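Everything quoted here is computed from the prediction, not taken from an experiment.
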Amino acid sequence: MTIFELTTMKPNVIESDCEHAKEQDSRIETLFYNDPTSSFSSVIGLKGPRISWITFPAHGYSMSTFPLSDQEARIWLRIVGLSEDEVSRVNSSLEYHKERLQSITIQIDSVVDPIPGSEEFRTTFCGLPFRRRRKVGRKRKNEPTRLPGALVMSEEATAKSIANLRSLLSPIRRLPPEILTEIFQYCLPPDKFIRPSPYEAPLLLTHVCSAWRNACLANPLLWRSLEITNGTGTLDMNHRRNVSALTHMWFSRAGTCPLSFSVEDDNIWVQRVMSTLGNLDHRFRHLKINIPQSAGLQFEPDRNYSALETFEIFTPQGLEDFQVATLSSSLLMNAPKLREFIWNNGAHLPPSHIRMHWGNLTRLTLNTSINIDQCLMIMSKLERVTHLTFHNICLSNPSVSHLNVTLPELTSFIVCADYNISRIFEEVTIPKLNELILNLRYWPNRSITNFLRRSRCPLQSLNLYFPPLTESDLIECLQIVQSTLKEFTVQSNPGMYSVTDNIIDRLTDTGVGEVLCPNLSVMALYDCISCSPGRFANMVRSRLRPLPTIPSDSDVPGSTHIRRFQRVVPLRVIEMYDDGLAIEMSQEDIERLRAFMEEGLHSFLFLPSFTINMSEQIPSAPAPSTPLKESYTYHSPTPTAAGPYILGVDEAGRGPVLGPLVYGVAYCPASYQEKMEALGFADSKTLNSATRSGLLDILSSDPPNLAWSVRVVSPQAISSGMLRRPPINLNRQSEDATILLIREVLAKGIVLSEVYVDALGNTTTYEKYLSSLFPDIDFTVTQKADSKFKIVGAASVAAKVTRDACVEGWHFEESVDGKEEQPWSSALGSGYPSDPNTQAWLKTAVDPVFGFPKIVRFSWTTVKVILDKSAHPVKWVDEGQASLVKAFEVGSGPDKGRCAVTKDLHIRSVDVL
């Protein structure tokens, strides 16, 4: 950049000097002007086609500290991180432009309001005096503005320059690139395989600005995981071309990092994918492959998978024996670090023997037909395995025996079989077994009980599905592991009851004698109970409020105090079918169990985390004893039926002061609408709890055609959004949840043609807004959509059931371990501010220092009133308190929704992170 300095004191020669300077050097872009007497506007007009701006240096400015030009500022905006000298220059440039803007403002005021007779005073800019008239009156309304266009343009350009310079000083821009890239890694989805989406990292980060894009492209750790799918269902040329380009581009950015690659649907047939599996074999750490058809598939021999740690393969039509052999020799035997192997095989006949480094495996799942001898031979080689699953074990002629297999590290063992597999339990010892899941149609009682006695394992979870066992068999198993057992599940075939009066009496805590399974806290019983009236309810109640035992004096010699201790661990969860429909128990028991829920089971336990759940665990709700710390999204399995699809949107929990806000969507093929009409979906508010739970089961019963998703917005997220400055009101948060769900459904490859939304505010405006975001979708936003459209009713059911499960199973993470009494009552009421029970709970739950637990929405007026009355006042002590508060107040007029700080810093919200 060439700079020409004008120091003349004669205004009439400025123009000629400037023209002379430009004739001497056409590269001049900036005029450095020092004349204190001439008119500012006359100099403005001298700007030529290559002169970007004219400067008026203040005292202390020199050519070495010359302010940044707009072009330089735009270049610097693309740079992440500035040196100290560069930051100093930005600050001096900012001060310079502020002074320049002030001088322009003075000139504009002198033109707009030149009131004669007013008292004059002087002001200076950059050390130069300016004559200015002090205003003594106001401009009359509708008086024409007489501003020179050059002044207006200069004012706008200077304001823009200030905004650019302030952007350069933004804290995020001062972060070193290595820290910024480290932050980007935490933005990646938590999944092992990342499905490319413009709404998620890393692609989303590349769309923010060029500096972020460059930082993303330079960080190979962001591109080391990829999942490719085929949402269209057809492997046409466009899809092949797109997948090929995506695979090449993605992994070319990963540098030399170990890779994670998932090939879904039929993308294995794309040539680029096949070549990638071969050319990058030595870099794969995690690999997942779907092989829809075995015909024509060849594994290249002599490959090097030295970095491979996990491998999952899905073969719905099975593999030929020679392909199993090739898979073993070319991949599995060449993966010495392989520690996790999963094979989901659709073939009904046992495959030929598969070979790999069995001794290195820590997790093994074989969801394929496999005979008993194969199981025993594999188990004899598993030295380090911790999780082992065998599905569909079949019979074989005994060829091995007396192996005496010991699995020293195994903690979880899952076995599914339709035949007598007693040989497995006779040969195996598992001393560290913690979880045992058996899905058996034949119950080898003697073999299993001997296995449990021989292993002496600390079993905590015993789950038995469809075993033809008697009550005495069940009691014998429970007695062996009763000292450590915490979770217990039994599901029987209809008409076969393995839980009757005898076992229920053994489980009941009477305060005298031995109690079966004293540490049991979770009990799930399906189709297996037949008992006398009142017995089951008495057992539940006795374990909800365990009776203390008082030791005799001989037990505590020399003690002057009688010590009490608890005989059993309080029962935390009971799972069974809704309303006892599949349970052979009296109506009295059913009503008493229902009363436990209505009265609030927490009040019996004096521990806020203990709950009773009369329905199966809702998959979209947090797991038991898991606090809801942040918002999350749940998706049911992706449907596979041909589209296009219709989708409904509804919510649950907008009004309550307690618990989350849940938005739900349900979707199905447009051709499925007639079947939807007959399924019974409706507005969830018109249905009882049992009906809603049953409808959610129906919604999950046809995965190829029906699917649903929910967005659970935590109370903390609602409160922080509504209390921030500027606030994000509940309508905006609802819109964001709706848009997020639609986008994620589209990202799963679902083609949507119509979307029905329950009204939110102005239906016309909201409908136009959604249509602008998704122009290819026909939106219908209307009142009572959950009553008009069955697909919206299905979404309403998904949202309502999820919210109810979240509130009923709420885990108060604020409770203090070791206290016998819970700090809050569990009688929450409905959660609505108008509910007397909810109002009473809020008044008793408030803490004068910390306020309320996280289940409460602090932004609700009801809560604010209680805090003002019952909590200690907080005074923020700071110099200039009034000005500080004013700086963060929301503006009005053109600045509505922006506070003074964001306005001064030229910050605008572009999205919510």
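- Atom CG of L338 is separated from atom OG of S306 by 12.0 Å, given to the nearest 0.5 angstrom.
- With sequence neighbours excluded, no residue satisfies salt bridge (Lys or Arg N to Asp or Glu O under 4.0 Å) with E735.
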Step-by-step side-chain contact (heavy atoms from CB on, under 4.5 Å) determination, V649 to L647: CA-CA 7 Å; V649 184; L647 180 142; 3.4 Å; yes

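- Centroid-to-centroid, the aromatic rings of F311 and W343 stay 6.0 Å apart or farther.
- The backbone N or O of T389 lies less than 3.5 Å from no partner atom in the side chain of T365, so there is not a single donor-acceptor pair.
- For residues 251-260, no residue pair satisfies the side chain to side chain donor-acceptor pair (under 3.5 Å) rule, not counting sequence neighbours.
- Looking at D776, its side chain never comes within 3.5 Å of a backbone N or O of S753 through a donor-acceptor pair.
- More than 12 heavy-atom neighbours from other residues, nucleotides or ligands sit within 6.0 angstrom of NZ on K192.
- The backbone N or O of F779 lies less than 3.5 Å from no partner atom in the side chain of E754, so there is not a single donor-acceptor pair.
- Atom CG in D281 sits 5.0 Å away from atom CZ in R303 (nearest 0.5 Å).
- In summary, E309 and K337 do not engage in a salt bridge, as defined by a charged side-chain N under 4.0 Å from a carboxylate O.
- In this structure, F284 and Y305 have parallel ring planes: the angle between them is below the 30° cut-off, well short of the 60° mark.
- Between the side chain of N334 and the main chain of S330, a donor-acceptor pair closer than 3.5 Å is present.
- The main-chain N or O of V665 is never found under 3.5 Å from a side-chain atom of S709 such that the two would form a donor-acceptor pair.
- Looking only at distances, a side-chain donor or acceptor of W250 sits under 3.5 Å from a matching main-chain atom of S225.
- Checked for salt-bridge contact, R89 and E72 meet the test: a charged N lies under 4.0 Å from a carboxylate O.
- With T310 contributing its side chain and H286 its backbone, the two residues share no donor-acceptor pair below 3.5 Å.
- More than 12 heavy atoms of other residues, nucleotides or ligands shown are found within 6.0 angstrom of NE2 on H207.
- A donor-acceptor pair under 3.5 Å is formed between the side chain of S329 and the backbone N or O of T326.
- In this structure, the separation between CG on N367 and CD on E312 is 10.0 Å, given to the nearest 0.5 Å.
- Separation of the F261 and F251 ring centroids falls under the 6.0 Å cut-off.
- At least one donor-acceptor pair under 3.5 Å links the side chain of N279 to the backbone N or O of S275.
- If you look at F184 and W212, their ring centroids are closer than 6.0 Å.
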